[in-house]
Amino acid sequence: MKTLALANQKGGVGKTTTAINLGAALGALEKRVLVVDCDPQGNASRGLGCSGEAPNLYDVLVGEAAPRDVVKATGFPFLDVLPTDRDLVALEVELAGEADWQPALRRALEPVLSAYDFVLIDCPPSLGHLTIMALTAAEGLLVPLQCEYFALEGISELMATLERVRESVNPQLKIAGIVFTMFDHRTNLARDVVAETREHFGARVCDTIIPRNVRLAEAPSHGMPILQYDIKSRGAQAYLELATEVLRRGE
């Protein structure tokens, strides 16, 4: 699976952190990676040093810019970003009532897909139009899951959305994996969430677990992935392990 949507309707579960740092880790393994920021908050763009860029993803989706003119190099080897900003909020309104809006992102990305080994789409914390477009464009769904009860509770709704997208517009969409984030080994709750999720989803749960890590939380404020900010940190090593696992799962 080359194009992965990182989605979970719950906010604060590590979607953007995973998009940025999995992308960088795949880049460190010499895979060409494009991170597509599909969240109007633009956190992935800022986390890769591309805040306030224009034109951006909104301009691509409305046909006012070509994707190759919008993609920016991040300064990290093999890693590019297609940035966004709050203009993308307007797209939800503009799409209302339009026919055939679901494949808009897939069509927009087609001209640049051949230039990359992986495309990672960072979705907003909702199951609205933008997330549906991302799932329509993707071959796989990667679900970052915080080790807390409410995060686990919401995953069933995400799986229901996945099935609706499969049935209507993208029958090839698969679950690429569920990856635990912000894991605190000191709490019984975190261990219970991991055990319950593994019991229910089996092999679809990634072996790699991303720990709660201060350096990982600091990196976005410097506009850097963790491998650039502190490659020796536990967070950096965890994302390198996740990248290796993603490659292995794709074989």
Side-chain angles (χ1 to χ4, degrees), residues 1-7 15-16 18-40 42 44-45 47-48 50 53-85 88 91 95 100-124 129-144 162 165-166 168-177 225 239 242-251:
M1 288 178 277
K2 173 178 181 172
T3 305
L4 302 178
L6 286 82
K15 289 186 298 294
T16 300
T18 298
I20 291 171
N21 294 300
L22 175 59
L26 288 167
L29 298 175
E30 299 188 355
K31 301 298 180 183
R32 299 164 300 168
V33 182
L34 175 65
V35 172
V36 179
D37 190 352
C38 203
D39 184 349
S45 303
L48 289 169
C50 294
E53 297 287 342
N56 55 56
L57 180 60
Y58 173 81
D59 302 289
V60 173
L61 288 170
V62 298
E64 295 180 359
R68 60 181 166 273
D69 297 328
V70 177
V71 168
K72 308 292 182 185
T74 64
F76 191 86
F78 298 98
L79 179 62
D80 293 341
V81 61
L82 204 170
T84 196
D85 67 10
L88 201 60
L91 197 69
L95 287 174
D100 196 35
W101 56 268
Q102 295 93 335
L105 182 60
R106 180 167 63 196
R107 291 192 296 261
L109 294 176
E110 279 175 358
V112 298
L113 285 180
S114 61
Y116 297 97
D117 298 304
F118 284 92
V119 175
L120 306 179
I121 307 173
D122 184 32
C123 297
H129 286 74
L130 293 171
T131 297
I132 298 299
M133 283 196 300
L135 293 176
T136 304
E139 297 160 286
L141 167 63
L142 186 63
V143 185
L162 170 72
V165 171
R166 274 177 174 164
S168 57
V169 289
N170 188 6
Q172 274 69 53
L173 182 63
K174 298 179 175 66
I175 298 176
Y239 275 109
L242 181 61
T244 302
E245 182 173 356
V246 167
L247 291 176
R248 186 176 70 247
R249 283 172 169 262
E251 292 174 351

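From a predicted model like this one, the values you see are computed outputs, not experimental measurements. Excluded from the calculations below are hydrogen atoms, water molecules and symmetry mates; all remaining heavy atoms, backbone and side chain alike, are included.
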*Asks:* Rounded at 0.5 Å granularity, tell me how far CG in Leu105 sits from CG in Leu57.
*Replies:*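 Reported to 0.5 Å precision, the distance equals 6.5 Å.
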
*Asks:* Can you tell me how far CG of Leu242 sits from CG of Leu247, rounded to the nearest 0.5 angstrom?
*Replies:*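 If we round to the nearest 0.5 Å, Leu247:CG and Leu242:CG are 9.5 Å apart.
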
*Asks:* Could you give me the CA-CA distance, side-chain angles and deciding distance for Asp122 and Thr16, then say whether side chain to side chain donor-acceptor pair (under 3.5 Å) is met?
*Replies:* CA-CA 6 Å; Asp122 184 32; Thr16 300; 2.7 Å; yes

*Asks:* Would you please name every residue forming a side chain to side chain donor-acceptor pair (under 3.5 Å) with Asp37, sequence neighbours left out?
*Replies:*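 Checked Asp37 against side chain to side chain donor-acceptor pair (under 3.5 Å); matches are Ser45.
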
*Asks:* Under the side chain to side chain donor-acceptor pair (under 3.5 Å) rule, collect the residues that match up with Thr74, sequence neighbours excluded.
*Replies:*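 Once residues adjacent in sequence are excluded, Thr74 has no partner under the side chain to side chain donor-acceptor pair (under 3.5 Å) criterion.
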
*Asks:* Could you measure the distance from the CE atom of Met133 to the CG atom of Leu91? Nearest 0.5 Å is fine.
*Replies:*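 Result: 5.0 Å between the selected atoms.
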
*Asks:* Salt bridge between Arg249 and Glu245, side-chain N to carboxylate O under 4.0 Å?
*Replies:*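 Looking at Arg249 and Glu245, the cut-off is met.
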
*Asks:* Ala115 and Arg32: which non-hydrogen atoms are nearest, and at how many Å?
*Replies:*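 So the two residues come closest at O-NH1, 3.3 Å.
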
*Asks:* Of the non-hydrogen atoms in Asp100 and Arg107, which two are nearest, and what is the gap between them?
*Replies:*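 Closest approach of Asp100 to Arg107, heavy atoms only: OD2-NH1, 3.2 Å.
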
*Asks:* For Val71, check side-chain contact (heavy atoms from CB on, under 4.5 Å) against everything at least two apart and list the hits.
*Replies:*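 Testing Val71 for side-chain contact (heavy atoms from CB on, under 4.5 Å), a comparison that skips the adjacent residues, returns Leu34, Asp80, Leu82, Tyr116.
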
*Asks:* Rounded to the nearest 0.5 Å, how far does CG of Asn56 lie from CG of Asp85?
*Replies:*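 Result: 4.0 Å between the selected atoms.
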
*Asks:* To the closest 0.5 Å, what do you measure between CG (Leu130) and CG (Asp39)?
*Replies:*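 These two atoms lie 8.0 Å from each other.
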
